[in-house]
Amino acid sequence: MKVLIEDSLLISNYINGDERALEILINRHNQRISSFIYSKVNDRTITEDIFQDTFIKVIRTLKRGTYSEEGKFLPWVMRIAHNLIIDHYRKHSRMPIFEGNDKFNIFSVVGDDKLDIERQLIKDQIDSDLNLLIEELPKDQRDVLYMRIYKDMSFKEISEITGVSINTALGRMRYALINIRKIIEKHNIVLTI
Amino acid sequence: MENIYSKNQKKCRLVTVKPETVKLLTDYSKSLKITKARGIKFEGNLN
């Protein structure tokens with residue numbers, strides 16, 4: 001009974017501007033309210049969130065002067081916490097969260113297939129090194145390779161543009177690749193991510 | 001052999017929120033100002 005009277009006094013002091021009274025009230029009921037929330041949600045982080053939201057409602061109600069003191073501060077706070085726990089579960093039933101487990105990682109299905117920044121930098125470096133290697137090729141081979149790989153042209157189109165037969169274009173492409181491999185081997189260049 | 005059911009009961013775990021959460025709430029309280037104008041209450045946060 002003594003505690004209830006003290007609560008009501010603290011509330012009255014808080015409404016009259018004593019901010020310290022609120023801290024005492026929170027610390028006094030911290031364990032009971034936190035344990036109550038934790039027993040329902042079984043997660044420390046969610047407990048912290050719901051506790052915080054509960055007291056934000058308490059503070060707003062007290063400051064707005066809409067709280068009617070009937071010596072039932074703790075049951076009132078518990079009811080707010082209880083309602084927020086229900087809200088939490090309602091929200092989660094509408095938006096189910098799949099967290100995966102050790103055997104199945106959800107990100108293996110919904111992962112972003114873009115390269116991360118490190119891999120993108122390495123890829124850019126490889127592209128630029130490859131360009132330097134291509135520059136080393138004889139012009140006829142280099143042209144065919146550019147048209148085939150970078151412009152995605154067919155060998156028929158390449159042969160029409162360069163004025164050589166399809167077989168010659170194919171041969172130039174083959175030698176271009178062989179020569180690039182030779183340069184790579186000769187200089188021990190590594191072109192992998 | 002008697003069954004001791006009390007052993008199987010789920011233990012109530014006592015927890016408290018972090019001091020940071022309490023600090024946040026007291027800071028929020030200090031910053032919250034309610035202004036009443038023409039019968040309407042306005043909330044304002046003064047940081």
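Of all the heavy atoms in B:S29 and A:E19, the pair that sits closest is OG-OE1, 2.5 Å. Across every non-hydrogen atom of A:I59 and B:L25, the tightest pair is CD1-O, 3.5 Å. Residues B:T16 and A:E48 approach most closely at O-OE2, 4.4 Å, considering heavy atoms. Closest heavy-atom contact between B:V22 and A:E23: CG1-CG, 4.4 Å.
Heavy atoms of other residues, nucleotides or ligands lying less than 6.0 angstrom from NE2 of A:H82 number 12 at most. Heavy-atom neighbours of B:K23 NZ from other residues, nucleotides or ligands within 6.0 Å: at or below the threshold of 12. In A:R32, the CZ atom is not crowded: 12 or fewer heavy atoms of neighbouring residues, nucleotides or ligands sit closer than 6.0 Å. Atom NZ of A:K57 is surrounded by 12 or fewer heavy atoms from other residues, nucleotides or ligands within 6.0 Å. The 12-atom threshold is exceeded at OH of B:Y28, counting heavy atoms of other residues, nucleotides or ligands nearer than 6.0 Å. More than 12 heavy atoms of other residues, nucleotides or ligands lie within 6.0 Å of CZ in A:R64, so this atom counts as buried by the packing criterion.
Residue A:R60 touches chain B through both its backbone and its side chain, counting heavy-atom pairs closer than 4.5 Å. Proximity to chain B (any heavy atom under 4.5 Å) is shown, for A:Q31, by both the backbone and the side chain. When heavy atoms are compared at a cutoff of 4.5 Å, A:F36 does not approach chain B at all. The parts of A:I56 that come within reach of chain B are both its backbone and its side chain, each placing non-hydrogen atoms under 4.5 angstrom from that chain.
Top candidate by heavy-atom pairs under 4.5 Å with chain B, chosen from A:T47, A:N30, A:I33, is A:N30.
Membership of the apolar cluster around A:Y38 extends to B:V15, as traced through chained side-chain contacts below 4.5 Å between ILVMFWY residues.
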- Task: Given side chain to side chain contact (heavy atoms under 4.5 Å, CB included), test A:F51 with B:K18 step by step and report yes or no.
- Result: CA-CA 10 Å; A:F51 184 93; B:K18 291 177 193 162; over 6 Å; no
